[in-house]
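The shown structure was predicted, so the numbers you read here are calculated from the model rather than taken from an experiment. Here, residue 1 is the first one in the sequence, and each next residue gets the next number.
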Amino acid sequence: SMENTGEQVVCLMAYHLLFAMFVWSYWKTIFTLPMNPSKEFHLSYAEKDLLEREPRGEAHQEVLRRAAKDLPIYTRTMSGAIRYCDRCQLIKPDRCHHCSVCDKCILKMDHHCPWVNNCVGFSNYKFFLLFLAYSLLYCLFIAATDLQYFIKFWTNGLPDTQAKFHIMFLFFAAAMFSVSLSSLFGYHCWLVSKNKSTLEAFRSPVFRHGTDKNGFSLGFSKNMRQVFGDEKKYWLLPIFSSLGDGCSFPTCLVNQDPEQASTPAGLNSTAKNLENHQFPAKPLRESQSHLLTDSQSWTESSINPGKCKAGMSNPALTMENET
């Protein structure tokens with residue numbers, strides 16, 4: 001229906017660019033295997049045997065506490081117990097959940113998506129976001145370029161050929177998908193800005209000090225970098241660049257950890273708190289540690305609580321590297 005050659009060339013180039021990026025990100029979302037907890041989170045044979053002999057209760061939890069003492073685990077169940085998966089026989093890392101469809105524990109699980117027939121988690125969440133973004137741009141581009149011919153269809157401005165029915169169908173399909181994709185993409189953009197998964201949005205994570213819906217939020221910039229990485233040249237490409245290892249995450253805890261020894265109030269309390277804190281045996285990867293050192297140190301953030309979370313009743317905000 002286009003008569004201008006220049007318009008045809010521009011539309012074809014833009015169309016195939018968006019189509020290629022859409023297919024690439026969709027492919028990566030489907031065929032990137034979800035990451036599972038590393039072997040250090042699995043119980044040894046002796047611990048499994050001891051766990052099977054112990055009845056459910058405090059003795060059962062004591063076995064799990066001993067097994068998890070050197071692991072970077074700071075979230076708990078609603079009852080305050082160690083998060084343990086009976087199916088996989090492992091201690092769940094923070095933000096890890098068991099997928100009933102895949103029948104395995106998935107690191108930083110967001111949801112199991114039937115549209116890609118795969119679990120969306122730490123290893124492919126960036127690809128899933130780009131898939132939503134490029135599919136939305138793809139549909140919007142088709143709807144926008146088809147609009148003028150769609151109007152001509154209703155005003156009898158198109159020649160009476162079979163092509164006009166294709167134009168009508170194409171516009172309706174692109175417009176409907178654009179509406180649904182825009183709402184889904186907008187929701188996941190909000191999740192990234194708050195450093196939440198879909199599961200955490202419905203049920204806030206529970207830490208040793210209690211439930212905290214913003215426990216993993218480090219601020220908009222650091223939340224974005226945790227998903228897309230430090231190098232902006234890779235942000236728009238479906239290439240893995242997320243920070244961390246998926247097993248441990250920096251946190252922004254509002255309340256003092258009850259398992260830590262209390263320190264005197266004053267300016268020196270924050271420094272003492274950082275010195276005395278028992279960090280996990282396995283440190284964060286260097287790329288993820290950037291989230292804790294960029295722009296300002298944890299100590300500086302601790303002195304100024306308003307930068308982490310405003311309006312909290314506890315003025316003694318402690319910024320901690322929990323993982």
Side-chain angles (χ1 to χ4, degrees), residues 13-42 85 87-88 90 92-142 173-174 176-178 180-192 195-201 223-249 285 287-288:
M13 290 179 62
Y15 171 85
H16 284 93
L17 176 62
L18 290 174
F19 180 73
M21 296 304 294
F22 158 70
V23 172
W24 186 10
S25 55
Y26 187 46
W27 178 276
K28 293 286 285 184
T29 306
I30 293 175
F31 292 104
T32 299
L33 295 177
M35 287 182 64
N36 310 120
S38 56
K39 61 180 181 180
E40 61 183 343
F41 290 90
H42 291 259
C85 179
R87 296 279 296 177
C88 302
L90 57 82
K92 294 181 183 178
D94 293 341
R95 314 185 81 174
C96 174
H97 298 275
H98 186 89
C99 176
S100 58
V101 180
C102 301
D103 196 26
K104 61 180 68 174
C105 285
I106 308 298
L107 293 181
K108 196 187 176 184
M109 180 178 172
D110 188 87
H111 67 288
H112 186 93
C113 182
W115 295 101
V116 300
N117 192 32
N118 197 7
C119 253
V120 177
F122 175 76
S123 61
N124 62 351
Y125 187 61
K126 176 191 173 183
F127 307 147
F128 177 74
L129 283 173
L130 292 178
F131 158 63
L132 292 180
Y134 286 122
S135 56
L136 175 60
L137 290 175
Y138 180 63
C139 291
L140 287 175
F141 174 79
I142 292 175
M176 288 188 295
F177 273 109
S178 296
S180 59
L181 284 169
S182 60
S183 59
L184 185 59
F185 179 63
Y187 175 67
H188 278 278
C189 286
W190 176 80
L191 289 178
V192 172
N195 205 338
K196 295 180 180 181
S197 65
T198 300
L199 295 176
E200 290 166 353
N223 293 343
M224 288 284 293
R225 285 165 50 203
Q226 194 172 100
V227 175
F228 291 97
D230 287 328
E231 299 189 54
K232 294 184 179 180
K233 62 183 178 181
Y234 296 124
W235 282 17
L236 299 181
L237 299 176
I239 298 172
F240 185 80
S241 58
S242 302
L243 301 183
D245 56 8
C247 293
S248 59
F249 298 89
R285 280 173 28 174
S287 60
Q288 185 158 328

Legend entry - Between OH on residue Tyr125 and OG1 on residue Thr32, distance to nearest 0.5 Å: 15.0 Å
Legend entry - Heavy-atom side-chain contact between Val101 and Cys119 under 4.5 Å: no
Inset, instruction - Would you give the length of the straight line joining atom CD1 of Ile239 to atom OG of Ser25, rounded to the nearest 0.5 angstrom? - result: 12.0 Å
Legend entry - Shortest non-hydrogen separation from Leu18 to Leu137 and the atoms involved: CD1-O, 3.8 Å
Legend entry - Side chain to side chain, Asp110 and Leu199, heavy atoms closer than 4.5 Å: no
Inset, instruction - Could you pull out the closest heavy-atom pair between Arg95 and Phe249, with the gap in Å? - result: CD-CD1, 3.5 Å
Legend entry - Test side chain to side chain contact (heavy atoms under 4.5 Å, CB included) applied to Tyr187 and Thr198, step by step: CA-CA 9 Å; Tyr187 175 67; Thr198 300; 4.2 Å; yes
Inset, instruction - Could you tell me the separation between the CZ atom of Phe127 and the CG atom of Leu132, rounded to the nearest 0.5 Å? - result: 14.0 Å
Inset, instruction - Decide whether Lys108 and Ser197 meet the rule of one side-chain donor and one side-chain acceptor closer than 3.5 Å. - result: no
Inset, instruction - Taking the side chain as every heavy atom from C-beta outward, state whether Leu237 and Met21 have any pair of such atoms under 4.5 Å apart. - result: yes
Legend entry - Heavy-atom pair of closest approach, residues Pro37 and Cys105: CD-O, 3.5 Å
Inset, instruction - Start with the C-alpha gap between Ser241 and Lys126, add the side-chain angles, then the distance that decides, and say whether side chain to side chain contact (heavy atoms under 4.5 Å, CB included) holds. - result: CA-CA 8 Å; Ser241 58; Lys126 176 191 173 183; 2.8 Å; yes
Inset, instruction - Take atom CZ of Phe177 as the centre, draw a 6.0 Å sphere, and report whether it contains more than 12 heavy atoms from other residues, nucleotides or ligands. - result: no
Inset, instruction - Taking the side chain as every heavy atom from C-beta outward, state whether Met176 and Cys139 have any pair of such atoms under 4.5 Å apart. - result: no
Inset, instruction - Taking all heavy atoms of Gly121 and all of Ile106, pick out the closest pair and write down the distance. - result: CA-CG2, 4.4 Å
Legend entry - Validation row: Leu243, Asp230 side chains within 4.5 angstrom (heavy atoms): yes
Inset, instruction - Write down the atom of His112, the atom of Pro114, and the distance for their closest heavy-atom approach. - result: O-CD, 3.5 Å
Inset, instruction - Determine whether Trp235 and Arg225 make a side-chain contact, defined as any pair of heavy atoms from C-beta on separated by less than 4.5 Å. - result: yes
Legend entry - Rounded distance (nearest 0.5 Å) linking atom CG of Asn195 with atom CG of Asn223: 4.0 Å
Inset, instruction - For the pair Phe128 and Phe131, name the ring-plane relationship: parallel under 30°, tilted 30 to 60°, perpendicular over 60°. - result: tilted
Legend entry - Validation row: Leu236, Tyr134 side chains within 4.5 angstrom (heavy atoms): yes
Inset, instruction - With the side chain counted from C-beta on, respond yes when Leu107 and Cys247 share a heavy-atom pair under 4.5 Å apart, and no when they do not. - result: yes
Inset, instruction - Determine, using ring centers only, whether Phe240 and Phe122 are less than 6.0 Å apart. - result: yes
Inset, instruction - Say whether His98 and Asp103, considering side chains only, have a donor N or O and an acceptor N or O under 3.5 Å apart. - result: yes
Legend entry - Distance in Å, Leu33 CG paired with Asn118 CG, rounded so as to fall on 0.5 Å steps: 7.0 Å
Legend entry - Distance in Å, Thr29 OG1 paired with Leu130 CG, rounded so as to fall on 0.5 Å steps: 8.0 Å
Legend entry - Pair Tyr138 + Tyr15: ring centers closer than 6.0 Å: yes
Inset, instruction - For atom CH2 of Trp190, decide whether the heavy atoms of other residues, nucleotides or ligands shown that lie under 6.0 angstrom number more than 12. - result: yes
